[in-house]
Amino acid sequence: MLDLKFIRGNPEVVRKAIIDKGEKADLDDLLSLDEDLRKTIVESEALKNERNVESEKIARLKKEGANASAEIEQMREVSARIKEFDEKIGGVRGKLDAILLTIPNVPHESVPVGRDEDENVVVREWGEPSSLVPTPVPHWEIGETLGILDLKAGSRIAGSGFVAFTGAGARLERALIAFMLDLHTREHGYTEVSPPFVADRDAMVGTGQLPKLENDMYHSPEDDLFLIPTGEVPLTNLHRGEILDGDRLPLKYTAYTPCFRREAGSYGKDTRGLLRVHQFDKVEMVKLVEPETSYDELESLTANAEKVLQLLGLPYRVKVLCTGDLSFSAAKCYDIDVWSAGVSQWLELSSCSNFEDFQARRAGLKYHPVGGGKARFVHTLNGSGVAMARTVVAILENYQTETGTIVVPEVLRPYMDGLEEIT
RNA sequence: GGAGAGGUGACUGAGUGGUCGAAGGUGCGCGACUGGAAAUCGCGUGUAGGUGAUGAGCCUACCGAGGGUUCGAAUCCCUCCCUCUCCGCCA
């Protein structure tokens with residue numbers, strides 16, 4: 001959520017952001033509601049002031065044993081009017097807040113303006129798109145052949161879009177999780193967290209999934225809880241509503257979580273095998289930092305995610321997203337695509353974003369600057385470090401051998417009892 | 001799930017209808033004292049909104065959240081949430 005004062009002072013900046021991001025938001029309604037609200041507040045507060053002053057007078061009169069019934073009668077009326085004003089204020093504020101939640105974050109000045117994903121800009125590439133064999137088969141074929149991926153069983157249990165890993169496949173999944181967590185905690189200075197995999201409505205609003213993505217999440221109506229679509233939700237909400245001591249910053253958290261996505265409306269696109277599934281594992285990284293450092297922290301966050309792919313020997317490219325492809329809450333975002341030889345595609349498997357104070361304002365994340373001063377909002381960042389399912393795709397497709405086996409990337413072997421090849 | 005206790009500012013802890021945004025203490029900041037420090041003393045120290053010049057000042061709101069009663073609520077009533085203790089159930 002943006003600062004209302006900022007919107008009031010910079011309506012054209014916000015209007016441009018809404019257009020550039022391809023969002024819809026009633027900015028003009030918001031501004032007129034804001035004006036209406038402030039006018040009403042002034043009237044209401046004047047009456048409240050009167051009530052407070054008179055109440056003191058009544059208290060004094062009563063203490064002296066005098067009769068105050070005339071004043072009380074008068075205040076009865078004032079209170080009734082205050083109630084009317086407050087009801088109006090509540091109504092206007094409700095509408096205003098609803099619109100405010102639909103106003104997207106303003107893209108950073110370094111973000112290219114563009115309509116959609118075709119206008120994202122590749123900023124660097126690493127490794128050569130390659131494979132051990134000339135024409136590797138897609139992961140769903142070799143996965144089933146080797147008996148490590150059971151798509152049928154997954155859909156038998158929970159419907160299409162759910163998968164089961166078996167044997168060495170499950171072991172590979174677990175190895176990847178452990179490898180990534182170890183890397184981020186040992187080498188990159190993150191604190192490991194094992195959070196809840198469900199979150200409540202406030203948490204979802206805090207990170208910006210709500211109100212926009214309600215239909216994309218699994219929801220338990222009895223408890224009004226959502227299955228998390230990303231580890232970003234619990235990690236960013238760890239300190240919701242707190243004012244942190246400045247000397248604790250930057251806070252860097254990493255967590256393994258499954259991610260649940262209904263993927264409503266995305267039928268038919270990249271749906272085979274593991275490319276788009278309703279549940280996948282991910283290791284997430286989240287940072288809470290001082291505003292001045294957040295763009296440097298974005299670079300190092302992205303580098304932390306890239307390191308995973310470098311160590312796995314998977315070729316990738318890093319794109320800076322254009323305004324039209326940038327998510328609602330983000331000010332700037334790098335996507336990392338891995339090359340997968342079997343499907344001959346770049347697969348998005350990490351997004352590293354700086355939200356500036358957009359999430360922090362929603363979630364009430366502040367800090368006391370070291371050396372005093374007013375509490376300020378932190379900047380929040382998050383990045384996948386990285387998404388498991390598509391990493392598995394890339395490993396199965398890029399590491400195929402002539403004999404139909406899969407070479408296990410060296411860094412994973414210690415996590416798989418030294419296994420060098422999946423046969 | 002049942003019974004009970006409780007949720008007050010960075011922390012601790014008073015406060016059961018009126019001058020309480022909230023005593024006292026701790027912590028923190030500034031100053032005095034000191035060669036320096038400790039101790040001591042003095043002053044200050046929440047958040048948000050409105051109004052004003054993004055100043056001073058003034059006003060309003062906030063004592064878990066939301067409603068209600070009342071001229072007036074941290075204080076009374078209702079609903080919900082959370083924490084603790086005991087019982088039950090269960091991985």
Side-chain angles (χ1 to χ4, degrees), chain A residues 1-11 13 30-100 194-206 220-226 234 237-249 251 288 291 357 360-378:
Chain A
M1 163 167 74
L2 291 173
D3 184 5
L4 189 54
K5 280 184 192 163
F6 174 82
I7 297 174
R8 200 183 293 150
N10 305 275
V13 172
L30 180 82
L31 292 170
S32 75
L33 282 170
D34 175 47
E35 202 166 316
D36 192 15
L37 179 66
R38 281 183 296 151
K39 212 180 287 175
T40 313
I41 285 175
V42 170
E43 293 179 82
S44 160
E45 290 191 347
L47 285 176
K48 283 181 182 170
N49 179 234
E50 184 184 346
R51 181 179 67 186
N52 287 345
V53 170
E54 287 299 309
S55 285
E56 272 181 44
K57 190 171 153 194
I58 290 168
R60 206 167 51 238
L61 287 173
K62 287 213 159 185
K63 209 171 179 182
E64 291 163 359
N67 188 318
S69 51
E71 284 78 2
I72 288 175
E73 193 52 44
Q74 197 188 339
M75 282 308 103
R76 205 190 301 271
E77 204 174 300
V78 170
S79 275
R81 283 171 64 204
I82 287 174
K83 199 169 181 185
E84 278 173 38
F85 273 117
D86 281 353
E87 269 162 23
K88 184 183 173 193
I89 288 171
V92 174
R93 175 157 283 152
K95 280 191 226 165
L96 190 147
D97 285 345
I99 297 177
L100 198 54
S194 179
F197 297 160
V198 295
D200 65 17
R201 198 164 277 279
D202 287 342
M204 289 301 174
V205 170
S220 160
E222 290 85 355
D223 306 298
D224 203 20
L225 290 172
F226 298 85
N237 278 287
L238 274 177
H239 297 288
R240 185 170 88 227
E242 280 189 56
I243 301 179
L244 301 157
D245 283 331
D247 57 15
R248 294 179 66 187
L249 301 181
L251 285 169
L288 308 183
D357 62 6
R361 183 170 285 110
R362 286 181 174 228
L365 288 165
K366 293 187 164 185
Y367 74 103
H368 288 298
V370 176
K374 280 187 67 164
R376 306 169 70 197
F377 287 111
V378 301

Q: Grab the two heavy atoms, one from A:His239 and one from A:Leu288, that are nearest each other, plus how far apart they are.
A: CD2-CD1, 3.8 Å

Q: Identify the heavy atoms of A:Leu100 and A:Ile7 that sit nearest to each other, and give their distance.
A: CD1-CD1, 3.5 Å

Q | Spacing between A:Tyr367 atom OH and B:C28 atom P, to the nearest angstrom | A | 21 Å

**Q.** Interatomic distance at C1', B:A61 relative to B:C43, whole Å
**A.** 28 Å

Q: Answer with base, sugar-phosphate or nothing: what part of the nucleic acid does A:Arg51 contact at a heavy-atom distance below 4.0 Å?
A: sugar-phosphate

Q | Phosphate contact (B:A48 OP1 or OP2) by A:Lys366 side-chain N/O below 4.0 Å | A | yes

(Q) With nearest nucleotide decided by heavy atoms, which residue, A:Ser79 or A:Ala46, maps closer to the 5′ end of RNA chain B? (A) A:Ala46

Q: Write down the distance between CD (A:Glu71) and C1' (B:U70), rounded to a whole number of angstrom.
A: 17 Å

Q.
When both hydrogen-bonding distances must be under 3.5 Å and the geometry is Watson-Crick or G-U wobble, what is B:A5 paired with, if anything?
A. B:U83

Q. Roughly how far apart are A:Met75 CE and A:Arg81 CZ, rounded to 0.5 Å?
A. 9.5 Å

Q.
Say we look at B:A22 and B:A74: how far apart would their C1' atoms be, to the nearest angstrom?
A. 8 Å

(Q) With a 4.0 Å cutoff (strictly under), does any side-chain N or O of A:Arg8 reach OP1 or OP2 of B:G50? (A) yes

Q | Nearest-neighbour nucleotide for the A:Arg38 side chain, B:A61, B:G50, B:C71 considered | A | B:G50

Q: Provide the Watson-Crick or G-U wobble partner of B:G57, both distances under 3.5 Å; none if there is no partner.
A: B:U51

Q | Least distance between heavy atoms, A:Pro291 atom then A:Phe377 atom | A | CG-O, 3.7 Å

Q: State whether A:Asn49 places a side-chain N or O below 4.0 Å from either non-bridging phosphate oxygen (OP1 or OP2) of B:C59.
A: no

Q. If you check every side-chain atom of A:Ile41, which of B:U60, B:G50, B:C71 has the closest atom?
A. B:G50

(Q) Please give me the minimum heavy-atom distance between A:Ala203 and A:Asp200, naming the atom from each residue. (A) N-OD1, 2.9 Å

Q.
Does the structure show a Watson-Crick or G-U wobble partner for B:A10, both distances under 3.5 Å? Name it, or say none.
A. B:U26

Q. Is the base of B:G67 syn or anti, if syn means a glycosidic angle within 90° of 0?
A. anti

Q) Rounded to whole angstrom units, what separation is found between the CG atom of A:Asp36 and the C1' atom of B:G50? A) 15 Å

**Q.** Value in whole Å for how far the P atom of B:C82 lies from CG of A:Asp224
**A.** 12 Å

Q) Any idea which heavy atoms bring A:Ser44 and A:Ile89 closest together, and the distance? A) CB-CD1, 3.7 Å

Q | Protein-nucleotide distance (A:Leu4, atom CG; B:U54, atom C1'), rounded to Å | A | 15 Å

Q) Counting side-chain heavy atoms from CB outward, which of B:C71, B:G18, B:U69 is closest to A:Ala59? A) B:G18

Q | Pairwise P distance for B:G18 and B:C81, with rounding to whole Å | A | 31 Å

Q: Please tell me which of the listed nucleotides, B:G49, B:U51, B:G72, lies nearest to the side chain of A:Lys5?
A: B:G49

Q: Could you let me know what B:U75 is paired to, Watson-Crick or G-U wobble, both distances under 3.5 Å, or none if it's on its own?
A: none

**Q.** B:G9 and B:G46, which share atom name P, separated by this distance in whole Å
**A.** 14 Å

**Q.** NZ/NE/NH1/NH2 to OD/OE distance under 4.0 Å, A:Glu73 and A:Arg76
**A.** yes

Q: Using both distances under 3.5 Å as the test, list the Watson-Crick or G-U wobble partner of B:G35, or none.
A: none

Q: Please measure how far the P atom in B:G24 lies from the corresponding atom in B:A14, and state the result in whole Å.
A: 15 Å

Q | Pairwise P distance for B:G4 and B:C80, with rounding to whole Å | A | 14 Å

Q: Let me know the distance between CD1 of A:Ile58 and P of B:U19, rounded to the nearest Å.
A: 13 Å

Q: Rounded off to whole Å, could you give me the CG-to-P distance for the A:Asp34 and B:U51 pair?
A: 9 Å

**Q.** Contact nearer the 5' end of RNA chain B, comparing A:Glu45 with A:Lys62
**A.** A:Lys62

Q. Distance between the P atoms of B:G17 and B:C77, in whole angstroms?
A. 12 Å

Q. Can you check the A:Arg60 CZ to B:G72 P distance for me, whole Å?
A. 18 Å

Q) Is any side-chain N or O of A:Ser44 closer than 4.0 Å to OP1 or OP2 of B:U60? A) no

Q: Determine the interatomic distance between P on B:A37 and the same-named atom on B:U47; round to the nearest Å.
A: 30 Å

Q. With both distances under 3.5 Å as the test, what is the Watson-Crick or G-U wobble partner of B:U70?
A. none

Q | Smallest separation among heavy atoms of A:Ile58 and A:Ala68, with atom names | A | CG2-CB, 4.2 Å

(Q) Please confirm whether the shortest side-chain N or O distance from A:Asn52 to OP1 or OP2 of B:U60 is below 4.0 Å. (A) yes

